[in-house]
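Every chain is numbered from 1 and lettered A, B, ... according to where its sequence line falls, protein lines coming before strand lines.
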Amino acid sequence: MDETKFVKEIASKEEAFSQWYIDVVKKADLADYTPVKGCMVIKPYGYALWENMQQCLDRRIKATGHKNAYFPLFIPESLLKKEAEHVEGFAPEVAWVTHGGNQKLEERLAVRPTSEAIIGSLYSKWIRSWRDLPVLINQWANIVRWEKVTRPFLRTTEFLWQEGHTAHKNQEEAEEETLKILTVYKDYIEQDLAIPVIIGRKSNNEKFAGAMHTYTLEALMGDGKILQAGTSHNLGQNFAKAFDIRFLDENQQEQFAWTTSWGTSTRLVGGIIMVHGDERGLKLPPKVASVQMVIVPIFFDTSKQEVMEKAREYKSLLEKKFKVELDDRDSYTPGWKFNEWEMKGVPVRLEIGPRDLAQNQVVAVRRDKGNKVIISEKEVESTLEKWMADIQNNLFLQARSRLEENIRFTDNYESFKEIMEEKRGFIKAFWCGNEKCEDQIKKDSKATIRCIPLEEHKEKGKCIFCGEESSSLVYFGRAY
RNA sequence: CGGGGCGUAGCGCAGCUUGGUUAGCGCGCUUGGUUCGGGACCAAGAGGUCGGAGGUUCAAAUCCUCUCGCCCCGACCA
């Protein structure tokens with residue numbers, strides 16, 4: 001079947017990826033623009049997706065011993081300024097509250113761009129003894145960063161995220177936490193969102209403002225650009241020193257705590273769109289789809305009543321196990337509905353018409369395959385159960401082979417630039433560790449070091465830019 | 001924040017160069033009817049003072065100034 005034949009409303013993914021992305025966001029009813037620049041409204045269909053994503057991740061965060069809390073939106077200027085690198089990193093994008101009603105505030109309040117400062121100041125109050133540690137807290141919150149260029153989900157002025165903030169009694173424990181979260185994120189993003197990621201460490205240039213070091217998960221998008229899917233920071237004692245988080249250890253020695261922070265955001269909704277979406281629109285992994293299957297009844301004058309009855313029967317049977325929607329709207333033809341639900345990315349469609357009634361069957365179509373399959377009534381439940389798992393898996397495998405095909409090694413700078421220009425994706429190349437090389441590579445090709453693999457590479461090679469010998473084989477890419 | 005493009009009905013657009021009837025078209029929407037297995041058809045309707053403010057003019061969607069927003073390309077960032 002011609003992929004484009006069914007799509008009237010969205011731009012071509014191949015020819016105009018950016019426009020395609022915006023079209024899918026709007027036409028699949030995920031989000032809309034608002035009167036406030038850079039701020040989108042997440043519409044019910046998009047928000048339901050986010051809620052499912054939240055649940056998947058929240059479960060994992062809690063399973064690893066963390067508890068949720070909620071900290072204030074406003075951060076006093078003096079607090080934000082305590083960690084020098086931190087404030088410098090975020091200063092250009094902080095929104096400030098200067099007035100309460102008509103009255104000018106004594107001290108400006110920052111609308112949180114992230115919560116290390118406010119949480120750090122409270123941890124300093126709460127932590128006295130090594131017995132108080134570790135503190136393992138997560139919060140689901142909104143964040144404001146005054147971005148110059150915005151795009152729905154990928155970069156908005158206000159966005160939703162979760163941010164974990166933990167404090168530990170020593171460096172090893174903090175490092176263990178930072179890496180543990182990296183694994184939690186990897187499982188969530190790969191298993192629930194079906195997005196394969198490459199994990200590693202950020203270079204100094206790219207790490208979080210104020211962190212000792214930053215771990216990251218990087219995902220390949222449909223246009224060859226790279227999306228940072230999540231980060232986990234080992235803050236060392238930087239923030240503990242800035243916010244005075246101290247405790248007495250087992251040996252009655254006063255120590256600064258070791259803290260971490262980590263986050264993932266609504267940006268991942270954008271990731272789902274750009275990894276799985278196709279010419280026909282969205283394609284949702286069953287685990288996070290708010291509608292896992294839609295039933296489209298096929299009406300004819302004479303049989304409408306019976307068909308509707310049967311459709312309702314299927315709905316009540318299936319909704320015990322799945323998230324089911326019955327599209328009984330009278331004003332649209334089946335074909336129209338097929339297209340709409342495909343655009344909205346629903347994993348499975350069931351068609352029920354008089355023919356199916358007569359033969360005790362349904363017609364079923366997978367969003368990831370597209371062909372019609374006849375399933376006998378007896379086997380509907382068990383088949384769909386298999387399908388859900390299979391679709392989830394298939395989306396991941398497809399994305400993974402795309403990822404694998406788009407990781408290229410090169411030791412030639414000319415071909416490096418050529419690949420970045422034409423194919424993009426990830427390039428594996430040796431890097432000497434010098435920031436000057438990193439900067440020049442960025443100027444030449446717009447590529448940045450997405451991550452440095454966790455396991456040290458055995459063989460040595462020559463830095464892609466300066467040619468100096470190095471054992472650091474890193475991933476480059478053009479980032480979102 | 002620099003360069004470019006665009007704002008006219010819910011969506012997509014025409015009209016603007018060269019100011020001048022009541023601002024058009026397609027889709028969508030409403031009502032009624034016929035339909036319904038891959039974006040149905042017929043008929044009758046509703047809906048806009050042209051992003052906003054100011055200016056020029058007898059007269060502005062059209063010309064000028066400012067401003068806001070969106071998109072693309074850079075710089076910056078999750």
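Environment of CD in A:Glu88: sparse, with no more than 12 heavy atoms of neighbouring residues, nucleotides or ligands closer than 6.0 Å. Counting non-hydrogen atoms of other residues, nucleotides and ligands closer than 6.0 Å to NZ of A:Lys186 gives a total above 12.
For A:Tyr215 and A:Tyr185, the distance between ring centers is not under 6.0 angstrom.
Regarding A:Lys37, its NZ atom lies at a distance of 10 Å from the C1' atom of B:C68, rounded to whole Å. One atom, OH of A:Tyr332, and another, P of B:A40, lie 11 Å apart when rounded to the nearest Å. With rounding to whole Å, A:Arg151 atom CZ is found 13 Å from B:C70 atom P. Between the C1' atom of B:C72 and the CH2 atom of A:Trp20 lies a distance of 18 Å, rounded to the nearest Å. Between the CD1 atom of A:Ile298 and the P atom of B:G39 there is a distance of 11 Å, rounded to whole Å. In this structure, CG of A:Asp327 is placed 15 Å from P of B:G38, rounded to the nearest angstrom. In this structure, the CZ atom of A:Arg366 is 20 Å from the C1' atom of B:G38, given to the nearest Å. The distance from atom CG of A:Asn205 to atom P of B:A75 is 14 Å, rounded to the nearest whole Å.
Taking a pair to require two hydrogen-bonding distances under 3.5 Å in either a Watson-Crick or a G-U wobble arrangement, B:G7 pairs with B:C68. Taking a pair to require two hydrogen-bonding distances under 3.5 Å in either a Watson-Crick or a G-U wobble arrangement, B:C36 remains unpaired. Using the Watson-Crick or G-U wobble rule with both distances under 3.5 Å, B:G2 pairs with B:C73. With a cut-off of 3.5 Å on both Watson-Crick or G-U wobble distances, the partner of B:U22 is given as none. In this structure, B:A60 forms no base pair with any nucleotide, since neither Watson-Crick nor G-U wobble geometry is met with both distances under 3.5 Å. With a cut-off of 3.5 Å on both pairing distances, the Watson-Crick or G-U wobble partner of B:G45 is B:C29.
Across all strands, A:Glu93 comes closer than 4.0 Å only to sugar-phosphate atoms, never to a base (heavy-atom distances). Within the 4.0 angstrom heavy-atom criterion, base atoms lie near A:Thr156. Using a 4.0 Å heavy-atom criterion, one finds that A:Glu147 contacts the bases of the nucleic acid, with or without backbone contacts as well. A:Asp356 comes within 4.0 angstrom of a base, heavy atoms only. Using a 4.0 Å heavy-atom cutoff across all strands shown, A:Thr231 reaches no nucleic acid atom at all. Here A:Val296 lies out of heavy-atom contact (under 4.0 Å) with every strand. Within the nucleic acid shown, A:Lys337 has no heavy atom closer than 4.0 Å to any nucleic acid atom. Nucleic acid contact for A:Lys202: none, since no nucleic acid atom lies under 4.0 Å from a heavy atom of the residue. No contact: A:Pro92 has no heavy atom under 4.0 Å from any strand. No engagement by A:Ile143 is indicated, since no non-hydrogen atom pair under 4.0 Å with the nucleic acid exists. Here A:Tyr33 lies in heavy-atom contact (under 4.0 Å) with sugar-phosphate atoms only. Contacts of A:Gly271 with the nucleic acid, taken as non-hydrogen atoms under 4.0 Å apart, are absent.
For the pair A:Tyr123 (side chain) and A:Thr259 (backbone), a donor-acceptor distance under 3.5 Å is absent.
Comparing A:Lys26 and A:Arg349 against RNA chain B, the residue whose closest nucleotide sits nearer the 5' end is A:Lys26. Nearest-nucleotide mapping onto RNA chain B: of A:Phe299 and A:Arg478, the residue sitting toward the 5' end is A:Phe299.
Only the C1' atoms considered, B:C6 is 16 Å distant from B:C11, to the nearest whole Å. Distance check on atom P: B:C42 versus B:U17 gives 37 Å, rounded to whole Å. Between B:G26 and B:A14, the distance separating the two P atoms is 16 Å to the nearest Å. Distance noted for atom P between B:G48 and B:A23: 12 Å (whole Å). On the P atoms, B:G39 is 33 Å away from B:G47, given to the nearest whole Å. Using atom C1' as the reference point in both B:U22 and B:G15, the two lie 16 Å apart (nearest Å). For B:G52 and B:A61, the C1' atoms lie 14 Å apart once the distance is rounded to whole Å. Taking the C1' atom of each, B:C50 and B:C63 are spaced 15 Å apart, rounded to whole Å.
Remark: A:Thr333 is not in phosphate contact with B:G39, judged by side-chain N or O atoms under 4.0 Å from OP1 or OP2.
Remark: A:Arg349 fails to qualify as a cation-pi partner of A:Trp341 under the 6.0 Å distance and 45° angle criteria applied to the six-membered ring. Figure legend: cation-pi geometry between A:Lys428 and A:Phe426 absent, as NZ or CZ is not positioned both under 6.0 Å from the six-membered ring centre and within 45° of its axis.
Judged by distance alone with a 3.5 Å cut-off, a donor-acceptor contact links the side chain of A:Arg155 to the base of B:C77. One donor-acceptor pair, N or O on each side, does fall under 3.5 Å between the base of B:G38 and the side chain of A:Glu342.
Distances from the side chain of A:Arg280 to the nucleotides B:G37, B:A75, B:G38 place B:G38 closest. Side-chain proximity of A:Lys148 to the nucleotides B:C71, B:C36, B:C1 is greatest for B:C1. You'll find that the side chain of A:Ile22 is closest to B:C71, out of B:C77, B:C71, B:U35. Comparing B:G39, B:G37, B:C71 against the side chain of A:Asn339 picks out B:G39 as the nearest. Considering only side-chain atoms of A:Phe300, the nucleotide from B:G38, B:C36, B:G39 that sits closest is B:C36.
Only one option out of A:Gln55, A:Lys62, A:Arg60 pairs with A:Asp58 in a side-chain hydrogen bond (donor to acceptor under 3.5 Å, both in side chains); it is A:Lys62.
Using cut-offs of 30° and 60° for the angle between ring planes, the A:Tyr332 and A:Trp336 rings count as parallel. In this structure, A:His86 and A:Phe208 have tilted ring planes: the angle between them lies in the 30° to 60° band.
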